Amino acid sequence: MLNVYRQLAVVDQLYKIYDQFIDSLDIVCKKFCADCCTCNVTMTTLEANKIVSALDLDSRQTMLDKLKQQMEKQRFTPKITTNQLADICLSGDDPPKEEVDASWGPCPLLNDNACPVYHLRPFGCRCMVSTQRCADNGTAEIDEFTITVNHVFLQYIEHIDQNGFSGNLSDVMAHTIIKESSDPVTKSMIIQTTLLKNSPLSALLIPPEHRKKIEPILLALRAIKA
Ligand code: SF4
Ligand code: SF4
């Protein structure tokens, strides 16, 4: 199993491959366009580690205070992880019904319509792209192939972090800040988080019509050096 630094280096390479894919799309997303920054974003503990390790102690505490407030509010808390969803779908079973609503509010990290951790943001944020302004249509416009690509990247990231956890951004970030804290008061803090144990990737969820087109991306992912 890779140590966390090597895991994060793999995630960086993965983000780079995804950025190249996104550059080939005609998307309208830009800074301060933040309707997609809702309280429903999910992430892995590995991605939270990337953000938390870049923050000083004061920033961690400020962020934890915000996250604690958010955790008293309604937010999307997934019942299964991405790799578990893939396994269920590929076995022909129905996945559990999930409840998610953008009106539950913005991401607790959002500040004046800007993301304070933009360069470190998790893949769940990176993959929110649209070919039309969400503000104009009330929803993102994203083609089926991009949805397939997004799912593949989410599966890979969970696989890299297979000893970690997934969940709502607020839960995962709060859990990670407390776990990584050297302050005994913060460290002993008990918060109610809903985290799911990650699963390894057993098969990629790629519809037959996308298998040829996605091949160059899969080759690039398989060429990543750990
Ligand atoms: S996904 Fe929508 S709200 Fe988010 S940056 Fe793109 S256009 Fe803006
Ligand atoms: S972490 Fe940043 S990019 Fe992601 S939803 Fe929150 S504010 Fe938006």
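Each residue takes its place number in the sequence, starting with 1. When a ligand or atom number is given, it counts from 1 through the structure's own listing order. Note that this is a predicted model, so its numbers are computed, not measured.
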What are the atoms of ligand 1, with element, lying closer than 4.0 Å to any heavy atom of Met128?
-> 1 (S)
Output the list of atoms in ligand 1 that are nearer than 4.0 Å to some heavy atom of Cys29, sorted by atom number.
->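 Near Cys29, meaning under 4.0 Å from one of its heavy atoms, ligand 1 has 1 (S), 5 (S), 6 (Fe), 7 (S).
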Pair Lys197 + Glu158, salt bridge at N-O below 4.0 Å = no
Thinking salt bridges, do Arg133 and Asp35 make one under a 4.0 Å N-O criterion?
->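 Here Arg133 does not pair with Asp35 in a salt bridge, since their nearest N and O are not under 4.0 Å apart.
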Is atom 2 (Fe) of ligand 2 less than 2.8 Å from at least one N/O/S atom of Cys115?
-> yes
Establish, from distance only, whether the side-chain atoms of Asp65 and Gln61 form a donor-acceptor pair under 3.5 Å.
->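 A pair is found: one side chain offers a donor N or O, the other an acceptor, under 3.5 Å apart.
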Side-chain donor-acceptor pair under 3.5 Å between Asn83 and Thr81, yes or no?
->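 The criterion, which ignores hydrogens and geometry beyond distance, is not satisfied for Thr81 and Asn83.
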One finds that the ligand 2 atoms under 4.0 Å from a non-hydrogen atom of Val41 are 5 (S)
Counting each atom of ligand 2 from 1 as listed, which ones have a heavy atom of Leu110 under 4.0 Å away?
->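 Taking each heavy atom of Leu110 in turn, ligand 2 has 7 (S) under 4.0 Å.
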Heavy-atom nearest neighbour of atom 2 (Fe) of ligand 1 within options Cys36, Cys33, Cys134, Cys127 =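 Nearest heavy atom to atom 2 (Fe) of ligand 1 lies in Cys134.
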Students should be able to answer this: which protein heavy-atom is nearest to [atom], and at what distance?
atom                    : value
atom 4 (Fe) of ligand 2 : Cys125 SG, 2.3 Å
atom 8 (Fe) of ligand 2 : Cys37 SG, 2.3 Å
atom 6 (Fe) of ligand 2 : Cys107 SG, 2.4 Å

Taking Gln162 for its side chain and His159 for its backbone only, find out whether a donor-acceptor pair lies under 3.5 Å.
->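 Yes.
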Could you tell me whether Arg126 sits above the aromatic face of Tyr15, with NZ or CZ closer than 6.0 angstrom to the six-membered ring centre and within 45 degrees of the axis?
->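 Yes, Arg126 and Tyr15 form such a contact.
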Aromatic plane relationship, Phe153 with Phe123 - under 30° parallel, 30 to 60° tilted, over 60° perpendicular | parallel
